[in-house]
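See structure below.
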Amino acid sequence: MGFKEQIDINRLPEHIAIIMDGNGRWAKNQGKFRVFGHESGVLSVKDIVEGCVDIGIKYLTVYAFSTENWNRPVEEVNALMELLIATINQEAETLNKNNVRLNAIGDLNSLPEKCIQDLANVMEITKNNSRCTLTLALSYSAKWEIVAAAKKLVKLAVENKLSADEITEEIFAAQLTTTNIPDPELMIRTSGEHRISNFLLWQMAYTELYFTETLWPDFRREHLFEAIVDYQKRERRFGKISEQLN
Ligand code: IPE
Ligand code: IPE
Ligand code: MG
């Protein structure tokens with residue numbers, strides 16, 4: 001039996017977040033340039049989005065470029081930006097066909113102008129799609145996001161629209177870039193690294209973490225389904241004891 005058949009469709013995670021890692025090593029293993037790994041990684045993204053659409057995952061968030069990734073060699077950064085622009089334009093039609101809404105989080109203003117425009121364009125074209133929301137984390141880091149949220153709250157306070165005592169977890173979360181998106185129940189990281197790398201720190205407070213050795217360009221929907229099956233075997237206690245659940 002394949003992993004897809006083992007999934008309990010009534011207990012799907014609503015939101016899956018993925019750290020797509022290992023493109024560079026995948027290319028290097030084949031004696032190729034790192035960029036080749038990024039290009040191949042796009043095929044994985046496409047397959048995973050379709051896998052989510054297939055089984056009914058409502059939100060998929062993928063870490064595509066971190067704030068720290070700006071520190072990579074300029075040639076790699078440029079190649080990633082060009083690949084990003086080419087991919088969003090090429091995929092607009094397929095996203096629409098699959099009823100997928102494109103969304104983006106991160107310090108988007110730091111992206112190249114063309115990228116900002118094309119992203120805005122494809123987000124507009126797909127804004128009424130409702131089967132799945134695909135969020136690209138671009139120039140994203142969780143610490144950046146949390147500091148930005150704190151700044152917005154201070155501004156509201158200075159304008160007398162909010163007092164310190166009124167700040168709750170909900171009000172804080174509403175200032176994050178993921179407002180209107182539920183916290184992910186499952187986070188997958190490929191390539192065998194066991195770390196968060198500044199991704200969704202607030203939102204993953206109670207997320208189930210799944211790590212796999214598979215490098216991102218080798219990751220296909222069958223691997224995603226395997227991760228979901230693993231997730232469904234876990235007991236999420238949220239601080240309670242087993243006997244208190246259900
Ligand atoms: C992930 O693959 C893609 C990005 C971070 C943009 P890497 O480029 O980090 O690949 P490795 O980890 O060096 O193999
Ligand atoms: C995390 O991967 C960021 C993305 C996948 C976009 P990195 O490869 O940049 O993370 P580190 O440097 O191994 O922590
Ligand atoms: Mg990496």
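Treat the numbers as computed from the prediction; the structure is a model and nothing was measured. Counting begins at 1 with the first residue of the sequence. Order of listing sets the numbers, starting from 1, for every ligand and every atom in it.
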### Message
Any atom of ligand 1 sitting under 4.0 Å from a heavy atom of Ser191?
### Response
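The answer is no: ligand 1 sits nowhere under 4.0 Å from a heavy atom of Ser191.
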#### Entry: Minimum-distance N/O/S atom that Asp21 presents toward the Mg ion (ligand 3)
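So the atom name we want here is OD1.
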Any side-chain donor paired with an acceptor under 3.5 Å for [X] and [Y]?
{"X": "Tyr59", "Y": "Glu14", "result": "no"}
{"X": "Ser44", "Y": "Asp47", "result": "no"}
{"X": "Thr135", "Y": "Asn103", "result": "yes"}

#### Entry: Partner of Ile88 under side chain to side chain contact (heavy atoms under 4.5 Å, CB included), chosen from Asp118, Asn121, Leu83
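By the side chain to side chain contact (heavy atoms under 4.5 Å, CB included) criterion, Ile88 pairs with just one of Asp118, Asn121, Leu83: Asp118.
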### Message
Just to verify, which of Thr61, Val62, Thr87, Leu108 counts as forming a side chain to side chain contact (heavy atoms under 4.5 Å, CB included) with Leu136?
### Response
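The side chain to side chain contact (heavy atoms under 4.5 Å, CB included) with Leu136 is passed solely by Val62 among Thr61, Val62, Thr87, Leu108.
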### Task
With heavy atoms only and a cut-off of under 4.0 Å, state how Met20 meets ligand 1: side chain, backbone, both or neither.
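The backbone, only.
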### Task
Could you see which bit of Leu215 sits under 4.0 Å from ligand 1, with heavy atoms only: side chain, backbone, both or neither?
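Contact part for Leu215 vs ligand 1: neither.
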Minimum-distance protein heavy atom relative to [atom]:
{"atom": "atom 2 (O) of ligand 2", "value": "Arg189 NH2, 3.6 Å"}
{"atom": "atom 10 (O) of ligand 1", "value": "Gly24 N, 2.9 Å"}
{"atom": "atom 6 (C) of ligand 1", "value": "Ala64 O, 3.4 Å"}
{"atom": "atom 14 (O) of ligand 2", "value": "Ser197 OG, 2.6 Å"}
{"atom": "atom 9 (O) of ligand 2", "value": "Asn69 ND2, 2.9 Å"}

### Message
Taking backbone and side chain together, does Glu193 place any N/O/S atom at a distance below 2.8 Å from the Mg ion (ligand 3)?
### Response
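Checking the Mg ion (ligand 3) against Glu193, no N, O or S atom falls under 2.8 Å.
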### Message
For atom 7 (P) of ligand 2, which of the options Glu68, Glu193, Arg195, Arg72 provides the nearest non-hydrogen atom?
### Response
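Nearest option to atom 7 (P) of ligand 2, by heavy atoms: Arg72.
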### Query
Within a distance of under 4.0 Å, is there any protein heavy atom near atom 12 (O) of ligand 2?
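Answer no: nothing from the protein, no heavy atom, is under 4.0 Å.
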### Query
Any idea which part of Phe199 is under 4.0 Å from ligand 2, heavy-atom wise: side chain, backbone, both or neither?
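The answer is neither; Phe199 stays 4.0 Å or more away.
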### Query
Is there a heavy atom in Arg25 that sits closer than 4.0 Å to ligand 2?
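Contact check Arg25 vs ligand 2: negative.
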Does any non-hydrogen side-chain atom of [Y] lie less than 4.5 Å from one of [X]?
{"X": "Val229", "Y": "Ile7", "answer": "yes"}
{"X": "Cys52", "Y": "Leu224", "answer": "yes"}
{"X": "Leu186", "Y": "Tyr210", "answer": "yes"}
{"X": "Ser40", "Y": "Asn23", "answer": "no"}

### Message
Any carboxylate oxygen within less than 4.0 angstrom of a Lys/Arg side-chain nitrogen, looking at Arg25 and Glu193?
### Response
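Counted as a salt bridge, because a side-chain N and a carboxylate O are separated by less than 4.0 Å.
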### Message
Taking Glu222 first and then Arg220, would you say they form a salt bridge - that is, a charged N and a carboxylate O separated by under 4.0 Å?
### Response
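No, no charged N to carboxylate O under 4.0 Å.
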### Query
Does an N or O from Trp26, backbone or side chain, lie closer than 3.5 Å to an N or O of ligand 1?
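Not met; the criterion fails.
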### Message
Suppose I only count heavy atoms of Phe65 and a 4.0 Å limit; which atoms of ligand 2 are within that range?
### Response
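Those qualifying, in numeric order: 6 (C).
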### Query
With a cut-off of 4.0 Å, which atoms of ligand 1 are near a heavy atom of His38?
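Matching atoms, with element in brackets: 3 (C), 8 (O).
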